[in-house]
Amino acid sequence: MIRPEPMQNLKQHLGALLGSCLSKAAGIANSNANVITASKPEFGDYQANGVMAIAKQLQTNPRELAQKVVELIDSVNDKLIERVEIAGPGFINIHLRNDALMAKASMVLQQPNTLIPQSEQAVCIVVDYSSPNLAKEMHVGHLRGTIIGDCLARVLEKQGHEVIRQNHVGDWGTQFGMLIAYLKEVMKAPDPGSDDLPTRLADLEVFYRAARKRFDSDSEFAETSRLSVVKLQGGEPEYLQIWQRFIDESLRHCQLVYDRLNVTLSNKDLKAESFYNDGLSGIVTALEEKNLLTLSAGALCVFLPEFTGKDGDPLPVIIRKSDGAYLYATTDLAAVRYRCFDLNADRSLYVVDARQSLHFQQVFAVARVAGLASDNISLEHVTYGTMMGKDGKPFQTRSGDTIKLIELLNEACRRAFELVSDKNPDLDEAARQAIADTVGIAAVKYADLSKNRTSDYIFDWSAMLSFEGNTAPYLLYAYARIKSILSKQETALEQYSITSIDAREERDLLLKNLQLPEVIEMVATDCYPNLLCNYLYELAGKFMRFYEACPILKAELESRNSRLSLAALTAETLQQGLDLLGIETLEKM
RNA sequence: GCGCCCGUAGCUCAACCGGAUAGAGCACCGGCCUUCUAAGCCGGGGGUUGCAGAUUCAAGUUCUGCCGGGCGCGCCA
């Protein structure tokens, strides 16, 4: 496959052009013209907000400076720009040429793989996401991290970066000692080769809860559990064998959920906590060499001056517990080292619940001072909010009302099936089921992806399973409408080409299509998938308005072909955008 | 007690590192299917952006102090 050329998106092009004009006019190198999409249609297509700040700096009249900038822009005769004008206190409003927009769009139509340009510099990016605890079955709280991470991985990959997914599953902590101890207890004479373990684990959640109850109520059992961890981490065969069967069973559950969710994770992306086990003593050595370790109450700790807790006391990062077992900080340090020096990552993203932000701050800081991370690697904790219950209180995973992720997906598809059957009773059942499966999953994913990841969110069936308004079905519906039209055209177009713009709705839709690369760039930089959702929703909305206002198949020949092309371009944009969200499209719905 | 995050329409959320009159959806009210899929489109009501200051041409956005909510803070992950 030919790698599409790096290409400036509209905003980058205008930003560079106006930036250089502003720099020249102001006599200040690298001035930022601060070009953004226009906040209102009256202001044109894009607007430059940077003139006023520079004028302030120069103690000069902003409108006069803007005038100089405008003259410089005019002298360049840029192919994209129809005209620029000064507005208000010193804004520069930018209007783009229709012919330039049409030409750009027609080019993209002929080479759809240029719709999303390659990043100028491809780098290696590790994306750590999903990372469920294998002691339990995946529940609704795992949804966010899994699909946000998957979206980011897809976006970065699409830009040409080398993306290495890392599913850092929890398979090695204290809870496994607990499970093993409980299993041994439940099955008096453990014989891991021939028992009915899979049957007993058919409901991992139930098994976990039972073990947990024992652990919390019986200190002797808790002690046995902790000793089991040490034995496991020490490599005792019997423990390893039981453990392995837990893991295999649990991973099977996870993969079912991933496949159902259309999440790209597979076995090859697994890098479990246990993978780092052999390297943990090396972490201790490395920290020792840097004189960072302190023995505190029997535990090996790192104290960094920038982290203090209660009463200003130094806050420890516990590297090794007093009983000799390691904790997740140590594992995470080993993972940082692995990603930096073995995978040679330039960026390492951790898509993990915001509650762990202090933990990651500490791990990153220790990794830097201990040389477990190079200075060049960008370590980024991509946080997301805590899931709350209907009452606004945190959704307790240990309480009985945990909802399994698979149950949510089943319910979504069930409701979607009812709706499809209602809307489209003529389709046979298999077709309706297939549509419902796509729509249901899409709705659940989009409900989460479309919200700013940093805010806490309330688990709410009705919001998550809604099919109207700003939802995935709206986008899928727009796509299906386009496909329906395209399938009705009598003669296939030799090649799509957008050659005329008559209505406001046509132009709005055309320009919006061309702005996908800008959005992708923002998502890749800041890791906010909701920006892509917002964009696609606006794109679909502009298509709906175009659809209502502009007849396509009944239009005059030239307009007809042009509108068909515009519709085809929109389908392409929607399809590629939804694909980056991990949402499949439908030809019919 | 200390630290981090959050507070925007009745509800769920936007607002592109400080920009022009704060926008959508849901819900509610009213229009639009003999015309390319009504899971749609058009219109309407609804706001002192928690409160009070500060910074400046410009603050939902930055700073300070309160109020309210969430999370984290030594051997769970």
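All values below were derived from every heavy atom in this structure, side-chain atoms included, with hydrogens, water molecules and symmetry-related copies excluded. The structure presented is a predicted model; accordingly, all values stated were derived computationally and were not measured. Residue numbers start from 1 in every chain, and the chains themselves are labelled A, B, ... in the order their sequence lines are given, proteins ahead of strands.
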Donor-acceptor pair under 3.5 Å, A/Q175 side chain vs B/rA77 base: no
A/S455 side-chain N/O to B/rC13 phosphate OP1/OP2 under 4.0 Å: no
Intermediate values then yes/no, side-chain hydrogen bond (donor to acceptor under 3.5 Å, both in side chains), A/E85 and A/H95: CA-CA 9 Å; A/E85 53 202 17; A/H95 301 258; 2.9 Å; yes
Sugar-phosphate, base or nothing in reach of A/A87, heavy atoms under 4.0 Å: base
Atom-pair distance (CD on A/E538; P on B/rC41), nearest Å: 14 Å
Geometric class of the A/Y182/A/F221 ring pair [parallel <30°, tilted 30-60°, perpendicular >60°]: perpendicular
Integer-rounded Å distance: B/rC13 C1' and A/K451 NZ: 7 Å
Whole-Å P distance, B/rG50 and B/rC26: 25 Å
Counter-base of B/rG40, judged by Watson-Crick or G-U geometry with both distances under 3.5 Å: B/rC32
Base-pairing assignment for B/rG1 (Watson-Crick or G-U wobble, both under 3.5 Å): B/rC73
Length of the CD-P vector between A/E521 and B/rC16, whole Å: 17 Å
Sugar-phosphate only, base, or nothing, as touched by A/Q515 at under 4.0 Å among non-hydrogen atoms: nothing
Parallel, tilted or perpendicular: rings of A/Y474 and A/Y537 (30°, 60°): tilted
Sugar-phosphate only, base, or nothing, as touched by A/Y477 at under 4.0 Å among non-hydrogen atoms: base
Rounded interatomic separation in angstrom, taking CD1 from A/I485 and P from B/rU35: 15 Å
Pair of N/O donor and acceptor under 3.5 Å linking B/rC16 base with A/T37 side chain: yes
Any A/T308 side-chain N or O less than 4.0 Å from OP1/OP2 of B/rC2: no
Sugar-phosphate, base or nothing in reach of A/C550, heavy atoms under 4.0 Å: base
Sugar-phosphate only, base, or nothing, as touched by A/F43 at under 4.0 Å among non-hydrogen atoms: base
Nucleotide forming a Watson-Crick or wobble pair with B/rC13, both distances under 3.5 Å: B/rG23
Sugar-phosphate only, base, or nothing, as touched by A/M52 at under 4.0 Å among non-hydrogen atoms: base
Nearest-nucleotide pick for A/F91, side chain only, options being B/rG19, B/rU37, B/rG40: B/rG19
Sugar-phosphate, base or nothing in reach of A/L327, heavy atoms under 4.0 Å: sugar-phosphate
Aromatic plane relationship, A/Y328 with A/H359 - under 30° parallel, 30 to 60° tilted, over 60° perpendicular: parallel
Presence of donor-acceptor pair under 3.5 Å, side chain of A/N93 and base of B/rA20: yes
Residue matched to B/rG7 through Watson-Crick or wobble contacts both under 3.5 angstrom: B/rC67
Touch class at under 4.0 angstrom, heavy-atom based, for A/V317 against every strand present: nothing
Close aromatic pair by centroid cut-off 6.0 Å: A/F360 and A/Y350: yes
For B/rU55, the Watson-Crick or wobble partner whose two distances fall under 3.5 Å: none
Touch class at under 4.0 angstrom, heavy-atom based, for A/L553 against every strand present: base
A/H168 and A/Y276 aromatic ring geometry - parallel, tilted or perpendicular at 30°/60° bounds: tilted
Touch class at under 4.0 angstrom, heavy-atom based, for A/R545 against every strand present: sugar-phosphate
Candidates B/rC4, B/rC41, B/rC16 - which lies nearest the side chain of A/K11: B/rC16
For atom OH of A/Y547 and atom C1' of B/rC33, their distance in whole Å: 11 Å
Watson-Crick or G-U wobble partner of B/rU61, both distances under 3.5 Å: none
